[in-house]
Engineer: 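Following this message is one structure expressed as structure tokens.
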Amino acid sequence: MPFVDIRDLGRHVGQGVTVRGWVVTTRSSGKIAFAVIRDGSGYLQSVLPKNEVSEETWTRFQTLTQEACLSVTGLVREDQRAPGGFELTASSLEVLGPSVDYPITPKEHGTSFLFEHRHLWLRSRRQVAIARIRHEVCQAIHDFFNERGFVHVDSPILSGAIGEEAGNLFSTEYFDLGKAYLAQTGQLYIEAAAAAHGKVYCFGPTFRAEKSKTRRHLTEFWMCEPEVAFADSNENMRLQEAFLSYLVGRALDRRKEELKELERDTTPLEQVTPPFPRMSYSDAIAQLQAGGSDIQWGRDLGADDETELAKQQQKPLFVFNYPKEVKAFYMKENPDDLRTVLNNDCLAPEGYGEIIGGSQREDDHDRLLARILGQGLDPATYGWYLDLRKYGTFVHSGFGLGLERTVAWICGISHIREAIAFPRQIHRLYP
RNA sequence: UGGGGUGUAGCUCAACUGGCAGAGCGCCCGGCUGUUAACCGGGAGGUUGCAGGUUCGAAUCCUGCCGCCCCAGCCA
């Protein structure tokens, strides 16, 4: 009998086939038994009538347990009563890998227990759906930039220099050269690549040793960072809204089944089209103050403030030109208001908050050096970065998109730890 | 690092004012020919997070420690 993927069973109605997969659940009565099987391509109900099979096969079917790996041979039938419309009437089966006392039962479990069994939890319907949507978003990221002439450049994960601020860095010994740090961002490197290719992006894991314990933080997360030569802050925001709209559109277009499995209300996602609303930081402060907040100009926006601003919007919201003091040294000063920099955050709706941070970069050597010194950083470490401003400096902008935050938002899940296969958090390194 | 919560069977949770430690799921045995987290009957399964204290008696009250969850800060 030919081996067939469950997703292709519709083409084999009336034929004998063999399906290999894992047992999801079993049900049986005295003379008929059912097993739901998954093989990664889909889910299949397999039926075994006692009087149509050998005693041995019947006995073996009765002893199937959750997540046992098996191969079932039988006849493909169309049947309204089967989930998916097709089922397999089994004539024989073989247990390829038994499964005894599978920990994750069909009833509810706590998050602690589930993450302790993350390696098994990945098999459940909901987790499969999330992983497929993440996969779609990753593919869409590459497609979006490729279609627009960007070059994908990988930034280093180990670095002697540092990205933004020390203190949040994971470090390791690096031979005779002292400490190396795990990348917090690929941005500085990708700025160098932008001078080579014009439009570039990197997409990879980044690491922050922040002792954060919120639904929006991981110590290891994936970030996509484009960098565009000759783009100013406004063009940067236009790229961001086109990019996010594309990613959301792809998920809506190609992952309907998965979004349905997650019971995601897609109405808010369908509204994610350019242009997105824009609000300056100063206007945001004024609006928050008018709403009763005691926030002062100069302070960074807190989670509550962001939620307050974003909930008035259907679409993602840009907040731009933050105070220089609360932002990184590489952001370009706003020539119209030297208290601020030419940056923006992009806040996702529905309470998901910041998923993008971007800015126009400081392209003047002396101003950049002053900012580095002003923040108490060691200019020697940034020698190569300063070189970019000495040899053909250019207006350029870029941003960083947090993949897990984006996936969590699209999926409508409450915590980003489910948006990555093996989340790394302050208290979790297993599995 | 702060604030709040929680810890009882493999899992999810009950247990009144301090008075015999229980249910559902999962597992084992039996029944049922169309089940959809199947159903029905029976059974096994406990150092109540750890250490100490109060009490005739502690899952319950007190002290300390540990784990986890949520929120905040930091950020993507």
Side-chain angles (χ1 to χ4, degrees), chain A residues 24-36 43-53 58 62-63 65-67 77 79-84 87 89 99-117 121 124-125 163-165 167-168 183-187 203-225 240 299-307 322 326-328 345-348 352-358 399-409 414-417 419-420 425-428:
Chain A
V24 179
T25 54
T26 60
R27 296 178 283 273
S28 80
S29 59
K31 301 206 173 97
I32 187 166
F34 304 87
V36 176
Y43 299 86
L44 166 72
Q45 171 161 282
S46 170
V47 191
L48 193 85
K50 188 177 183 182
N51 62 6
E52 291 178 28
V53 297
W58 173 256
Q62 291 285 92
T63 62
T65 53
Q66 201 187 350
E67 289 303 321
R77 284 184 183 157
D79 194 310
Q80 291 291 323
R81 293 168 295 189
E87 63 182 22
T89 303
S99 168
V100 179
D101 295 332
Y102 186 72
I104 301 176
T105 65
K107 288 286 178 176
E108 73 252 48
H109 297 281
T111 50
S112 223
F113 178 83
L114 288 168
F115 279 103
E116 199 67 18
H117 297 85
W121 190 26
S124 71
R125 283 181 133 96
E164 302 186 2
E165 307 210 5
N168 299 336
Q184 287 182 313
T185 169
Q187 182 202 312
F203 184 25
T206 50
F207 309 86
R208 308 257 170 114
E210 296 162 354
K211 293 186 175 178
S212 303
K213 293 202 288 185
T214 80
R215 68 177 66 183
R216 301 172 58 245
H217 288 84
L218 296 169
T219 58
E220 177 180 322
F221 65 98
W222 283 62
M223 187 153 63
C224 174
E225 297 173 280
Q240 289 168 46
R299 259 176 46 199
D300 205 355
L301 300 178
D304 287 347
D305 304 318
E306 291 187 353
T307 304
Y322 280 63
V326 302
K327 288 296 170 185
D345 281 354
C346 181
L347 310 179
Y352 282 90
E354 185 181 350
I355 54 174
I356 286 177
F399 62 89
L401 171 99
L403 178 66
E404 288 77 16
R405 287 184 180 180
T406 304
V407 171
W409 166 48
S414 63
H415 201 304
I416 67 167
R417 64 193 163 193
I420 184 169
Q425 297 181 270
I426 182 168
H427 59 277
R428 179 163 299 287

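Just so we're clear, the structure is a prediction, and the values are computed from it rather than from any experiment. Each chain gets a letter, A, B and so on, in the order the sequences are listed, and its residues count up from 1. Heavy atoms only: backbone and side chains are in, while hydrogens, waters and symmetry mates are out.
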Engineer: Using the closest heavy atom to pick a nucleotide of RNA chain B for each, name whichever of A/Pro106 or A/Ala303 lands nearer the 5' end.
Structural biologist: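 Taking each residue's closest nucleotide, the earlier one in sequence belongs to A/Pro106.
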Engineer: Which part of the nucleic acid does A/Ser212 contact within heavy-atom distance under 4.0 Å: base, sugar-phosphate only, or nothing?
Structural biologist: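 Contact class for A/Ser212: base.
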Engineer: Grab the NE2-C1' distance between A/His415 and B/C68 for me, whole Å please.
Structural biologist: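 About 12 Å, once rounded to whole Å.
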Engineer: Between B/C75, B/C11, B/U33, which one does the side chain of A/Glu306 approach most closely?
Structural biologist: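 Closest nucleotide to the A/Glu306 side chain: B/C75.
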Engineer: Please give the distance between the C1' atoms of B/U48 and B/G31 as a whole number of Å.
Structural biologist: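 Going atom to atom, C1' in each nucleotide, I get 36 Å.
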Engineer: At 4.0 Å (heavy atoms only), tell me whether A/Glu87 reaches a base, stays on the sugar-phosphate, or touches nothing.
Structural biologist: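 Base: the residue A/Glu87, judged by heavy atoms under 4.0 Å, touches a nucleobase.
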Engineer: If I take atom CD in residue A/Gln66 and atom P in nucleotide B/G10, what distance separates them, rounded to the nearest angstrom?
Structural biologist: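 Spelled out: CD on A/Gln66 to P on B/G10 is 18 Å.
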Engineer: Searching all strands shown, indicate the nucleotide that pairs with B/A72 (Watson-Crick or G-U wobble; both distances under 3.5 Å).
Structural biologist: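 Partner of B/A72: B/U1.
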Engineer: Side chain of A/Arg81, heavy atoms from C-beta onward: which of B/U12, B/A76, B/U35 has the nearest atom to it?
Structural biologist: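 Closest nucleotide to the A/Arg81 side chain: B/U35.
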Engineer: Under a 3.5 Å cut-off for both distances, is B/G64 Watson-Crick or wobble paired, and to whom?
Structural biologist: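 Looking at the geometry, B/G64 pairs with B/C50.
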Engineer: Describe the nucleic acid contact of A/Thr214 in one word from base, sugar-phosphate, nothing, applying a heavy-atom distance below 4.0 Å.
Structural biologist: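 Base, at least one base heavy atom under 4.0 Å.
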Engineer: Take the protein atom CZ of A/Arg125 and the nucleotide atom P of B/A37, then report the distance between them rounded to whole Å.
Structural biologist: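 From A/Arg125 CZ to B/A37 P: 9 Å.
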Engineer: Check whether any side-chain heavy atom of A/Thr65 lies under 4.5 Å from a side-chain heavy atom of A/Tyr102, and answer yes or no.
Structural biologist: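 Answer no - side chains too far apart.
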Engineer: When the distance from NE2 of A/His117 to C1' of B/G26 is rounded to whole Å, what number comes out?
Structural biologist: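 Atom NE2 in A/His117 sits about 13 Å away from atom C1' in B/G26.
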Engineer: Without decimals, in angstroms, what is the distance between A/Glu67 CD and B/G26 C1'?
Structural biologist: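 After rounding, the gap between these two atoms is 14 Å.
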Engineer: With nearest nucleotides of RNA chain B determined for A/Ile32 and A/Ser28 from heavy-atom distances, which residue corresponds to the more 5′ nucleotide?
Structural biologist: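 Nearest nucleotide further toward 5': that of A/Ile32.
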Engineer: Determine the contact category for A/Ile355: base if any of its heavy atoms lies under 4.0 Å from a base atom, sugar-phosphate if only primed atoms, P, OP1 or OP2 are that close, otherwise nothing.
Structural biologist: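 Sugar-phosphate contact only - A/Ile355 comes under 4.0 Å of backbone atoms but never of a base.
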Engineer: Which whole number of Å gives the distance between the C1' atom of B/G22 and that of B/C29?
Structural biologist: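 Those two atoms are separated by 23 Å.
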Engineer: Partner lookup for B/G18, please. Criteria are Watson-Crick or G-U wobble with both distances under 3.5 angstrom; report none if nothing qualifies.
Structural biologist: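 Across all strands, not a single nucleotide pairs with B/G18.
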Engineer: Within the 4.0 Å heavy-atom criterion, would you say A/Ile356 contacts the bases, only the backbone, or no part of the nucleic acid?
Structural biologist: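 Contact class for A/Ile356: sugar-phosphate only.
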Engineer: B/C28 C1' sits how many Å from A/Gln62 CD, rounded?
Structural biologist: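 Spelled out: CD on A/Gln62 to C1' on B/C28 is 14 Å.
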Engineer: For the residue pair A/Trp121 and A/Ile104, establish whether any side-chain heavy-atom pair is separated by less than 4.5 Å.
Structural biologist: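 The answer is yes; the side chains approach within 4.5 Å.
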Engineer: Roughly how far, to the nearest 0.5 Å, is the OG atom of A/Ser112 from the CZ atom of A/Arg428?
Structural biologist: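 Rounded to the nearest 0.5 Å, the CZ-OG separation comes out at 6.0 Å.
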Engineer: Identify whether any heavy atom of A/His217 sits under 4.0 Å from a base atom; if not, whether one sits that close to sugar-phosphate; answer base, sugar-phosphate or nothing.
Structural biologist: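 Base: the residue A/His217, judged by heavy atoms under 4.0 Å, touches a nucleobase.
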Engineer: Rounded to whole Å, how long is the line connecting atom CD of A/Glu210 with atom P of B/A76?
Structural biologist: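 Taking CD of A/Glu210 and P of B/A76, I get 8 Å after rounding.
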Engineer: Just to verify, which of A/Leu401, A/Ile356, A/Leu403, A/Thr185 counts as forming a side-chain contact (heavy atoms from CB on, under 4.5 Å) with A/Met223?
Structural biologist: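 So, applying the side-chain contact (heavy atoms from CB on, under 4.5 Å) to A/Met223 and each of A/Leu401, A/Ile356, A/Leu403, A/Thr185, only A/Thr185 qualifies.
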Engineer: Please state the C1' separation for the pair B/G43 and B/C56 - nearest whole angstrom.
Structural biologist: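 Nearest-Å result for B/G43 against B/C56 at atom C1': 36 Å.
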Engineer: Can A/Phe221 be classed as stacking with the base of B/A76, given a centroid separation cut-off of 5.5 Å and a plane angle cut-off of 30°?
Structural biologist: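 Whether judged by distance or by angle, A/Phe221 passes, so it stacks on the base of B/A76.
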Engineer: Checking contacts here: which listed nucleotide (B/C32, B/C69, B/G26) is nearest the side-chain heavy atoms of A/Thr105?
Structural biologist: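 Ranking B/C32, B/C69, B/G26 by closest atom to the A/Thr105 side chain puts B/G26 first.
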Engineer: Could you let me know what B/G10 is paired to, Watson-Crick or G-U wobble, both distances under 3.5 Å, or none if it's on its own?
Structural biologist: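 The base-pairing partner of B/G10, which may sit in any strand shown, is B/C25.
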Engineer: To the nearest 0.5 Å, what is the distance between CD on A/Gln184 and CZ on A/Phe221?
Structural biologist: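 Answer rounded to 0.5 Å: 8.5 Å.
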Engineer: Just how far, in rounded Å, is C1' of B/C70 from NZ of A/Lys213?
Structural biologist: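 Atom NZ in A/Lys213 sits about 10 Å away from atom C1' in B/C70.
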Engineer: Which nucleotide, B/U12, B/U33, B/U35, lies nearest any side-chain atom of A/Phe113?
Structural biologist: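 So the side chain of A/Phe113 is nearest to B/U12.
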Engineer: When you check the gap from the basic side-chain N to the acidic O, do A/Glu404 and A/Arg216 get nearer than 4.0 Å?
Structural biologist: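 A salt bridge is absent here (no side-chain N lies under 4.0 Å from a carboxylate O).
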Engineer: Has A/His427 got a side-chain N or O lying under 4.0 Å from the OP1 or OP2 atom of B/C69?
Structural biologist: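 Indeed, a polar side-chain atom of A/His427 lies that close.
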Engineer: Hey, is the side chain of A/Arg428 poking within less than 4.0 Å of OP1 or OP2 on B/C69, counting only N and O atoms?
Structural biologist: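 Checking B/C69 against A/Arg428, no side-chain N or O comes under 4.0 Å of OP1 or OP2.
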Engineer: What are the two closest heavy atoms between A/Arg417 and A/Phe115, and how far apart are they?
Structural biologist: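 Shortest heavy-atom separation between A/Arg417 and A/Phe115 comes out as CG-CZ, 3.1 Å.
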Engineer: Using the C1' atom as the point on both nucleotides, what is the distance between B/A21 and B/A58, in whole Å?
Structural biologist: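 Looking at atom C1' only, B/A58 and B/A21 are 13 Å apart.
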Engineer: Ignoring the backbone of A/Ser112, work out which of B/G34, B/C68, B/A76 is nearest its side chain.
Structural biologist: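 Nearest listed nucleotide: B/C68.
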Engineer: Looking only at atom C1', what distance separates B/U17 and B/U35, rounded to whole Å?
Structural biologist: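 The answer is 49 Å between these two C1' atoms.
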Engineer: At their closest point, which heavy atom of A/Cys346 faces which heavy atom of A/Gln240, and how far apart are they?
Structural biologist: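 Minimum heavy-atom separation between A/Cys346 and A/Gln240: CB-OE1, 4.2 Å.
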Engineer: Students often get this wrong, so: under 4.0 angstrom with heavy atoms, is A/Gly353 touching a base, only sugar-phosphate, or nothing?
Structural biologist: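 No contact.
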Engineer: Name the nucleic acid region contacted by A/Asp300, choosing base, sugar-phosphate or nothing; use a 4.0 angstrom heavy-atom cut-off, strictly under.
Structural biologist: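 Counting heavy atoms under 4.0 Å across all strands, the contact made by A/Asp300 is with sugar-phosphate only.
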